[in-house]
Protein chains: 2
Amino acid sequence: MPLMNDVKWVDTLSFRLGVLGALVADRYAADLTAHDLKPKHVGLLSALDVAPGASQLEIAKLMRVAPSLVVTLADHLESTGAVERLRDPADRRRQLLYLTDRGRELLAWCTDRALVLDAELTAGLTPDQAAALGAAFDRLAAAHGLPVRGRTRRDPT
Amino acid sequence: MPLMNDVKWVDTLSFRLGVLGALVADRYAADLTAHDLKPKHVGLLSALDVAPGASQLEIAKLMRVAPSLVVTLADHLESTGAVERLRDPADRRRQLLYLTDRGRELLAWCTDRALVLDAELTAGLTPDQAAALGAAFDRLAAAHGLPVRGRTRRDPT
DNA sequence: TATGAATCGTTCAGGGTTAGAACGGTTCTG
DNA sequence: CAGAACCGTTCTAACCCTGAACGATTCATA
């Protein structure tokens with residue numbers, strides 16, 4: 001439970017953002033253990049939902065992690081039947097990843113848990129305050145090149 | 001650079017909060033390398049600013065980390081002359097930690113960097129939007145027992 | 001006052017997570 | 001056809017942190 005600390009702390013948005021981000025990340029990670037998943041697994045499932053049939057290297061770039069980590073993540077998800085690996089017939093070096101029905105179920109569950117967490121998180125906020133927060137996040141994400149919503153198309157097939 | 005990923009991602013506040021939190025944490029950590037510091041070091045400096053002369057165990061509880069980690073952090077900060085260790089004369093088991101002048105300088109620098117980061121972060125927001133964001137963070141932190149502002153007094157001397 | 005329990009700081013070993021090097025198999029280039 | 005480039009995999013190593021074990025000190029209590 002790396003929550004940084006709970007001292008007065010430097011009185012900045014950045015710190016509070018970091019602390020709160022770590023808080024929700026921890027809580028979500030705790031939820032995920034129920035299905036033997038870690039946040040990165042959800043990242044992979046989510047990436048495949050957006051880009052079905054992506055190769056492992058594409059996923060690695062999308063997730064900004066090392067390709068070798070994608071191997072581990074995909075291994076686990078494949079072993080539990082959440083994703084399928086198919087050799088690209090056109091380029092037999094590439095492993096194309098697809099969500100199975102089980103994988104889609106799992107992703108739906110993960111999304112649901114995130115929504116529950118959202119509800120908890122914003123319990124102390126009025127609906128319009130929560131909406132304003134969401135809008136601010138959108139602007140922040142957009143301003144920093146994080147395509148939180150919408151696709152990042154960089155690989156025209 | 002663990003930024004989770006940059007896919008569409010599940011469309012929740014929680015995720016955007018986690019992603020943005022990781023983003024600012026990473027950027028700040030990168031800033032800190034200029035002085036050979038890590039975020040936890042800043043946590044320790046900041047804790048000492050609030051509670052000068054605290055023992056290492058008190059710091060550990062405040063920061064919610066293992067006491068053994070405080071040893072490492074204090075070792076490093078002591079070696080660079082940012083903090084001082086003084087045996088408590090009344091209880092010679094305790095090591096009392098104090099900021100040195102150098103430590104206060106360092107903390108001021110860290111705070112300054114955080115403010116710069118804040119400015120970058122909120123560059124895309126109008127001042128009242130930024131203020132609303134800060135207020136929302138306050139409410140969120142308060143609702144989740146994170147004393148982001150104000151002391152946590154639990155050790156009446 | 002004596003003695004065992006508790007406390008503080010320290011060291012050390014280990015777990016968890018991740019990146020990077022190395023390699024086999026495949027495809028591309030010329 | 002030969003060598004370069006590329007993909008996925010394995011393995012090693014680094015990093016960060018916790019928990020166990022231990023010496024030194026203090027407390028409790030008989």
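Because only heavy atoms are used, hydrogens play no part in the values below, and waters and symmetry mates are left out as well, while side chains stay in. None of these values were measured; they are calculated from a predicted model. Letters A, B, ... mirror the listed sequences (proteins, then strands); counts begin at 1.
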Restricting to nitrogen or oxygen on both sides, can you table the protein-nucleotides 19-21 of chain D pairs closer than 3.5 Å?
{"unit_1": "D:dG19", "atom_1": "O6", "unit_2": "B:Ser68", "atom_2": "OG", "d": "2.9"}

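- In this structure, B:Gln95 atom CD and D:dT26 atom P are separated by 13 Å, rounded to whole Å.
- Under the 30°/60° scheme for interplanar angles, the aromatic rings of A:Trp109 and A:His35 are found to stand perpendicular.
- Here the C1' atom of nucleotide D:dC17 and the CG atom of B:Leu44 are 16 Å apart, to the nearest Å.
- Going from atom CG of B:Leu57 over to atom P of D:dT26 covers 16 Å, rounded to whole Å.
- Using a 4.5 Å cut-off on side-chain heavy atoms (C-beta onward), A:Arg113 and A:Leu32 make no contact.
- With sequence neighbours left out, the side chain to side chain donor-acceptor pair (under 3.5 Å) criterion links A:Arg92 to no other residue.
- Among the heavy atoms of the strands, none lies under 4.0 Å from B:Thr72.
- Rounded to an integer number of Å, the gap from CD1 of B:Ile59 to P of C:dG9 is 10 Å.
- We find that NZ of A:Lys38 is positioned 11 Å from C1' of C:dG15, with the value rounded to whole Å.
- Of the residues A:Leu45, A:Ile59, A:Leu44, the one that meets the side-chain contact (heavy atoms from CB on, under 4.5 Å) test with A:Leu73 is A:Leu44.
- Taking A:Arg87 as the reference, nothing meets the side chain to side chain donor-acceptor pair (under 3.5 Å) condition, with sequence neighbours excluded.
- Note: CG (A:Leu73) to P (C:dA19) measures 10 Å, nearest angstrom.
- A heavy atom lying under 4.0 Å from DNA chain D marks the following residues of residues 75-92 of chain A, by number: A:Arg85.
- Qualifying side chain to side chain donor-acceptor pair (under 3.5 Å) partners for B:Thr33, counting only residues two or more places apart in sequence or in other chains: none.
- In this structure, the side chains of B:Ser55 and B:Asp88 stay at 4.5 Å or more apart for every pair of heavy atoms.
- Rounded to an integer number of Å, the gap from CD of B:Glu58 to P of C:dT7 is 14 Å.
- Contact of A:Arg93 with D:dC6 (side chain to base): a donor-acceptor pair of N or O atoms is detected under 3.5 Å.
- Counting only heavy atoms from C-beta on, A:Lys40 has its side chain closest to C:dT18 among D:dA5, C:dT18, D:dT26.
- Counting only heavy atoms from C-beta outward, the side chains of B:Asp118 and A:Phe15 never approach each other to under 4.5 Å.
- With sequence neighbours excluded, the residues forming a side chain to side chain contact (heavy atoms under 4.5 Å, CB included) with A:Gln56 are A:Val70, A:Val71, A:Ala74, A:Arg85, A:Gln95, A:Leu97, listed by chain and number.
- One interatomic measurement links the two molecules: CZ of A:Arg64 to P of C:dT17, which rounds to 22 Å at whole-angstrom precision.
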